[in-house]
Amino acid sequence: MNYKADPELLKNRTVLVTGAGDGIGKIAAQSFAKHGANVILLGKTRTKLESVFDTISSETNTNPIIVQIDLANAREEQFKQLTVAIEREFGRLDGLLHNASILGSKVPIESYDTTRWKNVLDVNLNAAFILTRELLPVMRKSRDASIIFTSSGVGRKGRAFWGAYAVSKFAIEGLAEVLAQELENTSNIRVNSLNPGGTRTKMRAQAYPAEDPGTLPMALQHMALYLYLIGPDSKGITGEKFDAKTWEGF
Ligand code: NDP
């Protein structure tokens, strides 16, 4: 991979990351801040967000903000208030990384619990839709803004027992495609999907308990692609599907 982000790639930019307290989202938030972004850390568990906040505050001169929201039960009103707060604090939003997800159950469709199914769709899909819709006006104020939807291999080809998770990722790909087309000639907002592929995190360990985590790449190894897509170097790229495993930079 030969893309190397400029150390000031995201200077004076504001980026929101969902699921910023752990896993890939945490590393992405820290990486964006290291490249100059003011990062809005959205997540469920306050203590985890505080720990990311402390790391960013001690390692950078940026202004991180914590937004504790449980995406399973989020109310539209919370997203509306968030949009108002972002506009007041930063004037605009330049990047949005939809990263938060839950795995749900790994069982056949035939025995998938209805409440669980809806819960997965709420976190992985519905919250991303509502958050995006509410944030679009403040993203339109950016010279060039980027939305990344996090997908998965099972969101591009179905696999037995991945149930609501796989379905939510197919839907995320659809949302990304529809939105990319709608915004292509009417805004400076680009929209792409990104499949990080097998990565050493809690979710991966939950999905593959027998796997040796040492065989997997760490989230840090994907950051060139995350930085490329969230920052201005990817201006003009929209409606594309990226795969961290096969991306070679340029
Ligand atoms: P993790 O489980 O490690 O982290 C998920 C993050 O999402 C956590 O910060 C978690 O917060 C947050 N989150 C979960 N539920 C909610 C909620 N209800 N409200 C707000 N935040 C929530 O997952 P990964 O880092 O592995 O995954 C990141 C993304 O990458 C996901 O979209 C996943 O589908 C995708 N992906 C991951 C792969 C992998 O191998 N790791 C492979 C392919 C795709 P908290 O810790 O507080 O619960």
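One-based numbering, in listed order, for ligands and for the atoms of each.
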Original post:
In the protein, which heavy atom is nearest to atom 21 (N) of ligand 1, and how far is it?
Top reply: Lys44 N, 3.6 Å
Subject >> For atom 15 (N) of ligand 1, the protein heavy atom that lies nearest, with its residue and separation >> reply: Ile102 CG2, 3.5 Å
Subject >> Heavy atom of the protein closest to atom 20 (C) of ligand 1 (residue, atom name, distance) >> reply: Ile69 O, 3.4 Å
Subject >> Closest approach of any protein heavy atom to atom 23 (O) of ligand 1, naming residue and atom >> reply: Met203 CB, 3.5 Å
Original post:
Going by an N to O cut-off under 4.0 Å, is there a salt bridge joining Lys241 and Glu177?
Top reply: yes
Subject >> Cationic N near anionic O, under 4.0 Å, Glu87 to Arg92 >> reply: no
Original post:
Do any nitrogen or oxygen atoms of Tyr165 come within less than 3.5 Å of a nitrogen or oxygen of ligand 1?
Top reply: yes
**OP:** Examine Ser152 against ligand 1 and note whether any of their N/O atoms are separated by less than 3.5 Å.
**Re:** no
Original post:
Considering only the protein, which heavy-atom contact is closest to atom 42 (C) of ligand 1, and what is its distance?
Top reply: Gly197 O, 3.4 Å
Original post:
Where's the contact between Pro196 and ligand 1, heavy-atom distance under 4.0 Å: side chain, backbone, both or neither?
Top reply: side chain
Subject >> Pairing of Lys141 and Asp94 as salt bridge, 4.0 angstrom limit >> reply: no
Original post:
In terms of the angle between their ring planes, are Tyr208 and Trp162 parallel, tilted or perpendicular, with boundaries placed at 30° and 60°?
Top reply: tilted
Original post:
If we ignore angles and hydrogens, is there a donor and acceptor under 3.5 Å between the side chains of Thr199 and Thr201?
Top reply: no
Subject >> Contact bool for atom 29 (C) of ligand 1 (protein heavy atom, d < 4.0 Å) >> reply: yes
Original post:
Does the N or O separation between Ser101 and ligand 1 drop below 3.5 Å for any pair?
Top reply: yes
Subject >> Nearest-contact summary for atom 31 (C) of ligand 1 - protein heavy atom, Å >> reply: Asn99 O, 3.1 Å
**OP:** Determine whether Ile109 and Leu125 fall in the same hydrophobic cluster, where Ile, Leu, Val, Met, Phe, Trp and Tyr are linked whenever their side-chain heavy atoms lie under 4.5 Å apart.
**Re:** yes
Subject >> Nearest-neighbour protein heavy atom for atom 18 (N) of ligand 1, which is reported as residue plus atom name and distance >> reply: Asp70 OD1, 2.8 Å
Subject >> Test of proximity, Ile24 against ligand 1: N or O pairs below 3.5 Å >> reply: yes
Original post:
Between Leu71 and ligand 1, is there a nitrogen or oxygen pair with a distance under 3.5 Å?
Top reply: yes
Subject >> Contact check, side chains of Glu8 and His35, non-hydrogen atoms, under 4.5 Å >> reply: no
Original post:
So which protein heavy atom does atom 35 (C) of ligand 1 come closest to, and at what separation?
Top reply: Thr150 CG2, 3.6 Å
**OP:** Number the atoms of ligand 1 from 1 as they appear, then name those within less than 4.0 Å of a heavy atom of Thr45, with their elements.
**Re:** 45 (P), 47 (O)
Original post:
Should Gly19 be counted as touching ligand 1, given the test is an N or O pair under 3.5 Å?
Top reply: yes
Subject >> Side chain, backbone, both or neither: Ser151 near ligand 1, heavy atoms under 4.0 Å >> reply: backbone
